[in-house]
Protein chains: 2
Amino acid sequence: MAATIKDIREVTGLSLATISKYLNGGNLLPENKAKIEKAIDELHYEVNEMARGLVTSRSKVIGVVVFDIANVFTCTLLKYLGERFRSAGYAAMICDSQNNEQIEAENIRFLISKKVDGMIVIPVGLTAEFLNPALRAEIPVVLMDRSVDGSGVQCVKVDNRESSYRAVEMLYDYGHRKIAMIGSDIEVTGKEREQGCRQLLKDKKIEVPPEYMKIGRHSIEHGYKSMQELLKLEEPPTAIFMGNFEIILGAVMALNESSFQCPHDVSLIGFDDLIISNLSNPRITLVVQPLQDLAENAAKLLLGKMDKDRNSSDEEPEEDTQMPGDLILPARIVEGNSIARVE
Amino acid sequence: MAATIKDIREVTGLSLATISKYLNGGNLLPENKAKIEKAIDELHYEVNEMARGLVTSRSKVIGVVVFDIANVFTCTLLKYLGERFRSAGYAAMICDSQNNEQIEAENIRFLISKKVDGMIVIPVGLTAEFLNPALRAEIPVVLMDRSVDGSGVQCVKVDNRESSYRAVEMLYDYGHRKIAMIGSDIEVTGKEREQGCRQLLKDKKIEVPPEYMKIGRHSIEHGYKSMQELLKLEEPPTAIFMGNFEIILGAVMALNESSFQCPHDVSLIGFDDLIISNLSNPRITLVVQPLQDLAENAAKLLLGKMDKDRNSSDEEPEEDTQMPGDLILPARIVEGNSIARVE
DNA sequence: CCTTGAAAGTGAAACGTTTCGCTCTGTTCG
DNA sequence: CGAACAGAGCGAAACGTTTCACTTTCAAGG
């Protein structure tokens, strides 16, 4: 039904090779150029990327696999990634793993069969095997936000440990000594944030009662329940560090329903989102990730790898590039007024 | 580099046709089946969807074009759409129009060249021309959330007029008479919500001072500035209807910074999101769209169209199906405690 | 024992591009 | 004037599948 290059041949009398040359930006007589353009216009011709891809074995598509698409963190990244890829001439094919490692593995295989030229992956869990098919197919991969054990695949992320350390340090500097944390340990990210928190408490020689460390699922429910439990303690904490967006959401919900006031009765600092702090009153002090930076660096890294891949396909081993480490960006703390000074 | 069907032929000694038959679920001798499976496993064979698509002229990909990817509304829809398409064997290729009609038009053309089997579009603006290339290429299209003038393309959305009417009616029933609205008119959706609001005020014979109707851009800034202006009025409204998520965000931000208390000094009702109301204190009463329903209906509609398209390609005109109208779903009001009763 | 027909397998054409190596036409320069 | 060369265009092969029309095999039915 749709017009093909052959239809253009009929109309213009030129050969397929010439028309293809035009489509790919070669030099033609102005006269022939005009003819082709006219024909394209009349016939509403659009390149069939499948046919093109079959020959070039490049799809001009980058696969993006995210652990969960329905949250602000993910879609903000998607936005910046998409812009970047677009301006490099690539489209993004986005796959949602729905927080399910099996679906994640399927997504990878699916994208391979679609012959994507590269992949960005924000993994669901901690292990790396699911990436093997992609590596085997020699598709360049860059991880984001969460590194995985022993994959040897580069990851672009923030320094979760360091940032958490500084967040809790801020609570300490405001005079707080009874500090609790609500976090998760499903993903590396959560683990690292917990480590940062524990490290500071250790450095400051603060004993942490085990009931102050609420480490559980990465979910609104966990935040909600944990906050309730913390507030019910005989000796509730005076300050709480919340490890991610969902947990903040749940925790603040519980706090709003309680008789406790922030920051009067309890101080808060959280990790992960900026927009939401505008809604709560008082505004919550947050560790904010440089999402645009993260996305742009990941995109740049991937596009670079893709370039190199294509050029070094001339059978040069070139194994001197010893596995570069993760790319770690700094996060910044944006102050609200959710932290009270304690004498 | 990657294994092809021909490699499998080498290993198994079977013909291409037979192997293809296996891949597409035909009947084979158990013995041959086993041979092929073994070969596929050993060679890590994955179908090349580009080659397949070239022959079948179906990509098993559905294009999704959204006006802006970086917001909760969009990505929640994307989540449900994705699940639905996946279970029907389709992948989603998501394109962000970045609120820019030109990029939107490019996205459509891009998806056509990718030979997507269908499209879901949440348009940026009010006009329909940008869809023409898709219609010309006979690609089934379903709109979501925002219908466009005279496209003849079906849209799945909520009844914005009716829902707004009921939202404002709720304010009225609580005794409010000084009712303001902060809304947008960039998209149909915003216009319809404004109409619903005005209709109720008219039905109740309430005069609206023009400075009470803050209709502007669909943005946090507009919400923020409008709220500031409303609160500064000599006779500020006692209740405010906020037309979408971004506006709620900005408006609540301004309110938090002011000396006004909700609901004591001003009552609020908003349109569009559920999660956020958990963060604000008090919880804001909201008109919530049935996102899952919207997505599932849109997906079903599109898959249906795609089916019909494929089957009726037998040159039957079958023009009896007179253009079905939009599919309109009801929204529901979720009460918070942001509305005070006025005597 | 012959006929019929279903089941399993095959060879080759087709899908719409790109690309390689070739030809043709001028133009430049010694 | 002839050689050399650049620019423009061309024909045909190739990419990895599916599918059509055909053949072979074998069991069942009369």
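Below, chain A is the first sequence line, B the second, and so on; all start at residue 1.
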**Fill in**
Applied to residues 71-84 of chain B, the side chain to side chain donor-acceptor pair (under 3.5 Å) test, sequence neighbours excluded, yields B:D68-B:N71, B:N71-B:T74, B:R84-B:E296
**Prompt:** Where the side chain of A:S20 is defined as all heavy atoms beyond and including C-beta, which of C:dT19, D:dA8, C:dG11 is the nearest nucleotide?
**Reply:** C:dT19
**Asked** To the nearest angstrom, how far is A:E31 atom CD from D:dG7 atom P?
**Response** 19 Å
**Asked** What's the closest nucleotide to the A:K21 side chain, out of D:dA8, C:dA12, D:dG11?
**Response** D:dA8
**Prompt:** In terms of side-chain heavy atoms of A:I5, which of D:dA8, C:dT17, C:dT10 is nearest?
**Reply:** C:dT17
**Complete:** Here the distance between atom C1' of C:dC20 and atom CG of A:N24, to the nearest Å, is 15 Å
**Asked** Near B:K305 NZ, under 6.0 Å, is it more than 12 heavy atoms from other residues, nucleotides or ligands?
**Response** yes
**Request:** Give every residue pair that meets the salt bridge (Lys or Arg N to Asp or Glu O under 4.0 Å) criterion with at least one member in residues 46-56 of chain A, sequence neighbours excluded.
**Result:** A:E49-A:R52
Side-chain donor-acceptor pairs under 3.5 Å in residues 116-133 of chain B, sequence neighbours left out?
from	atom 1	to	atom 2	distance (Å)
B:D117	OD1	B:S59	N	3.0
B:D117	OD1	B:S59	OG	3.4
B:D117	OD2	B:S59	N	3.4
B:D117	OD2	B:K60	N	2.7

**Message:** Which residues in residues 47-60 of chain A have a heavy atom closer than 4.0 Å to any atom of DNA chain D?
**Reply:** A:L54, A:V55
**Residue pairs, two or more places apart or on separate chains, that pass salt bridge (Lys or Arg N to Asp or Glu O under 4.0 Å) and touch residues 13-35 of chain B** = none
**Asked** Which residues satisfy the side-chain hydrogen bond (donor to acceptor under 3.5 Å, both in side chains) test with B:T56, sequence neighbours excluded?
**Response** none
**Request:** Mind checking the CD-CG spacing from B:E187 to B:D145? Nearest 0.5 Å is all I need.
**Result:** 8.0 Å
**Prompt:** Tell me: CG of B:L29 to P of C:dA6, nearest whole Å?
**Reply:** 18 Å
**Fill in**
Separation of D:dT23 atom P from B:L14 atom CG, nearest Å, is 21 Å
**Minimum-distance nucleotide to A:L23 side chain [options: C:dA12, C:dT18, D:dG11]** = C:dT18
**Item:** Interatomic distance, A:K6 NZ vs D:dG11 C1' [rounded to whole Å]
**Value:** 13 Å
**Message:** OP1 or OP2 of D:dC10 versus the side-chain N and O atoms of A:T18: is any pair under 4.0 Å?
**Reply:** yes
**Complete:** Per atom distances to the B:T4 side chain, the nearest of C:dT10, D:dG16, C:dT17 is D:dG16
**Item:** Interatomic distance, B:E46 CD vs D:dT17 P [rounded to whole Å]
**Value:** 11 Å
**Message:** In whole Å, I'd like the distance from the CZ atom of B:R9 to the P atom of D:dT18.
**Reply:** 14 Å
**Asked** What does A:Y22 touch in the nucleic acid at a heavy-atom separation under 4.0 angstrom: a base, only the sugar-phosphate, or nothing?
**Response** nothing
**Request:** Take atom CG of A:L16 and atom P of C:dT17, then tell me their distance rounded to the nearest Å.
**Result:** 9 Å
